[in-house]
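To keep things clear, I will list the structure first and then write my remarks on it.
Side-chain atoms are counted along with the backbone in the values below, which use heavy atoms only and exclude waters and symmetry mates.
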There are 2 protein chains.
Amino acid sequence: MNARHRVVILGGGFGGLYAARRLRRAPLDVTVLDRRNFHLFQPLLYQVATSGLSPGDIVSPLRWILKRQRNTRVWLADATGIDATRKYVLLADGTVPYDTLIVATGARHHYFGRKDWEDHAPGLKTLEDATEIRRRILSAFETAERETDPASQQDWLSFVVVGGGPTGVELAGALAELARDTLKDDFRAIDPKTAQITLLEGTDRVLPTYPAPLSAKCARSLTRLGVTVRTNTLVTDMTEAFVTLRSGDATETLRCRTVLWAAGVKASPIGLAVAQATGAELDKVGRLVVAPDLTLPNHPEIFVIGDLANFSHQTGQPLPGVAPVAMSQGRYVAKLIRMRLAGKTAFSPYRYFNKGELATIGRATAVANFGRLKFSGYPAWLLWLFVHLMYLVEFQNRVLVFVQWAWSYFTRGRGTRIIAHDK
Amino acid sequence: MNARHRVVILGGGFGGLYAARRLRRAPLDVTVLDRRNFHLFQPLLYQVATSGLSPGDIVSPLRWILKRQRNTRVWLADATGIDATRKYVLLADGTVPYDTLIVATGARHHYFGRKDWEDHAPGLKTLEDATEIRRRILSAFETAERETDPASQQDWLSFVVVGGGPTGVELAGALAELARDTLKDDFRAIDPKTAQITLLEGTDRVLPTYPAPLSAKCARSLTRLGVTVRTNTLVTDMTEAFVTLRSGDATETLRCRTVLWAAGVKASPIGLAVAQATGAELDKVGRLVVAPDLTLPNHPEIFVIGDLANFSHQTGQPLPGVAPVAMSQGRYVAKLIRMRLAGKTAFSPYRYFNKGELATIGRATAVANFGRLKFSGYPAWLLWLFVHLMYLVEFQNRVLVFVQWAWSYFTRGRGTRIIAHDK
């Protein structure tokens, strides 16, 4: 390495990768550190979990994305913390020095302190989470087919999705389509259409961050697909055979063999290490509270972006942990670094311009919220498809996903129904 | 179940599945038992191991293939043996009665008694084998990129493939293309083109079952791709850091971090259980020696087909363990069962008509052996492509593989470069 300014980016998700791409022409040495060798297109992870797409369809090797960017190297490494004084990232097996650091390591699930629930109810954040959920869903149908006791059979055909945000809605919708359409003629002893899919939401409506009319439309679409939507309902306990619920003062037990978790997220553990090294403040879900320019107090050389950052200077509330926020923060930080490099110190604080939000419920059904413009149904679904394909084609060059989708759409088939074995 | 004749098929590979399909119109109850929920297109497994295809591209759910076949059910079950007297298949968790049994459980690798080599040198039989090999290959390049000692770097860039049969040839060729073309611009500290790929073969030529001129062509093509081909060379020992070789009287040590095993196969353990239950004879690699009609002696109701069967009545040698043999045996057995059902007892003994064999070496290179007609290079590769696509399209409806191949062919890219994490 020469004596150029060294930018180290922790994490190759949306935030880290967009920052890296915007630094491609800057006279800098950029290092992207990630534990995985690929960028994961998380918004489509639920499709892998429900056999619609292959893992390979929603990832791109980081090296491949950045191969023509000669000022950037990719290192596969497990970062454990930082030395903010000497400006080193600490790895499990070494150190990497930085002049500017961008921390973009994202978030994991959060079980509200019930770590034992993690085994019963896998969440959906990594590729392995998705294939584990796929394994559980498909295995449940297989076990039901071989079960001779009708009550146990029904237990295996009961699925509960905890959390009515976009991920929960997408999972429940895709699961209903899997049971109703894809698996229709596959079994002899059971009818997959009798599968009971329940979506639980703690607040009074699904998609609570969307306008109320869209929540209502979403709930209606889910019901039409055969999903039982239960709002104002909290999970108070779970075992491998049932889930205990509380609605108001009433408590109830739901027999069910498969529970999927889409309820809470917590910032990645690196946040704590960074807070300890810098004295920065953590919020209650482990996010680092950042300044208006996304740096940490007293550490103008450390930026925190994406799901790991608590940026509340715009609305008084932290921005949501979604891909567009991470991308836009990545771009902002890259611009700031380039300006500093050019000797400009004036800066405008970070602003998130919300272009709108989209959630898909199933085949040809989605809801779209673009401020005053709200719509749902087929047009929203087409837009959802278009936005996601545009991203994939532009950024990851994944034409195949389109073919796979067209295929599934017309055949209602799902090709990647693999029950993976544990090694 | 009613009182119809019950046919149980152990294994949903080529043999079992072709038998099941040919029984689709027979007034029988057919049960296909498999430990996995999918049929695996094993001839393309090496493409998954070298990131060319996704696991989902080369599997089809057994239920999906057999969904319209109303006389057939699929059970996901782990068969442990049989009770040949009472005619039960024994499962890990129950029993399944049969009137006629078809055993088609295939083969696994064989380490010539050196079980400890299994950890160092994974073989290529299952989907998990393929993703493990992919993980090791890609991780080796990643580790080399971070290694600062040039000697260790070169160790990580050394790959040894043991066994010069079709699988070894295909793996070595694909690995060379991965290093030379796909990864070309991906790294900063290493040049993937300097990777050393060595193919070891114990006999005096690669593809020993092919005519000698094709073996020579294959060796030349591999050399052109940058593979070092070493014949008359045996592995005598291996550790995680090196492989010890013997060529004639000379012994030598090759430093190398990644060893892939394509040398020996052994019949699946169910063969032993069946032999013990029936008194049938096992050959030295664990295959069941079958009668001219593929049944076991004194057990006309038990057929053994595919890689698990030793059928030597045609040439005096066992037929090779390849997909076309298994398919043709599956068809033969199904026909025999239908004839028996119709009250016909006369039968012609099984005969394998070898339509030819094909092995691919790399992009646009293959060898083809069709008796008097032998050819190689681009025409052989086109034929290889055509044959594999025909099978996939006809049987598994996998148009996507074609798209993926077209994509890789023109871009030399490989999209599924995933280093999977252990759970």
| query | OH of Y88(A): more than 12 outside heavy atoms within 6.0 angstrom? | reply | no
| task | Tell me, for L76(B) versus chain A, whether the close heavy atoms (under 4.5 Å) come from the side chain, the backbone, both or neither. | result | both
| said: Suppose we screen for ring-ring contact (aromatic ring centres under 6.0 Å, His included). Which residues come up paired with Y98(A), at least two apart in sequence or across chains? | reply: none
| query | Is a donor on one side and an acceptor on the other found under 3.5 Å between the side chain of R146(A) and the backbone of W75(B)? | reply | no
| field | Criterion salt bridge (charged side-chain N to carboxylate O under 4.0 Å, His left out) on R73(A) and E145(B), from CA distance to verdict | value | CA-CA 10 Å; R73(A) 62 175 183 170; E145(B) 171 83 350; over 6 Å; no
| Roughly how far apart are R135(B) CZ and N37(A) CG, rounded to 0.5 Å? | 11.0 Å
| Contact part of A189(A) toward chain B, heavy-atom cut-off under 4.5 Å: side chain, backbone, both or neither? | neither
| message | Less than 4.5 Å to any heavy atom of chain B: does that hold for the side chain of L62(A), its backbone, both, or neither? | response | neither
| field | Positive for side-chain contact (heavy atoms from CB on, under 4.5 Å) with D185(B), one of Q69(A), R70(A), R63(A) | value | R70(A)
| query | Which pair of non-hydrogen atoms, one from S54(B) and one from G56(A), has the smallest distance, and what is that distance? | reply | OG-CA, 3.6 Å
| said: Does any backbone or side-chain atom of T72(B) lie under 4.5 Å from a heavy atom of chain A? Answer side chain, backbone, both or neither. | reply: backbone
| field | Set of residues satisfying ring-ring contact (aromatic ring centres under 6.0 Å, His included) with respect to W117(A), sequence neighbours excluded | value | W261(A)
| message | Can you tell me how far apart CD (E142(A)) and CZ (R36(B)) are? Round to the nearest 0.5 Å. | response | 11.5 Å
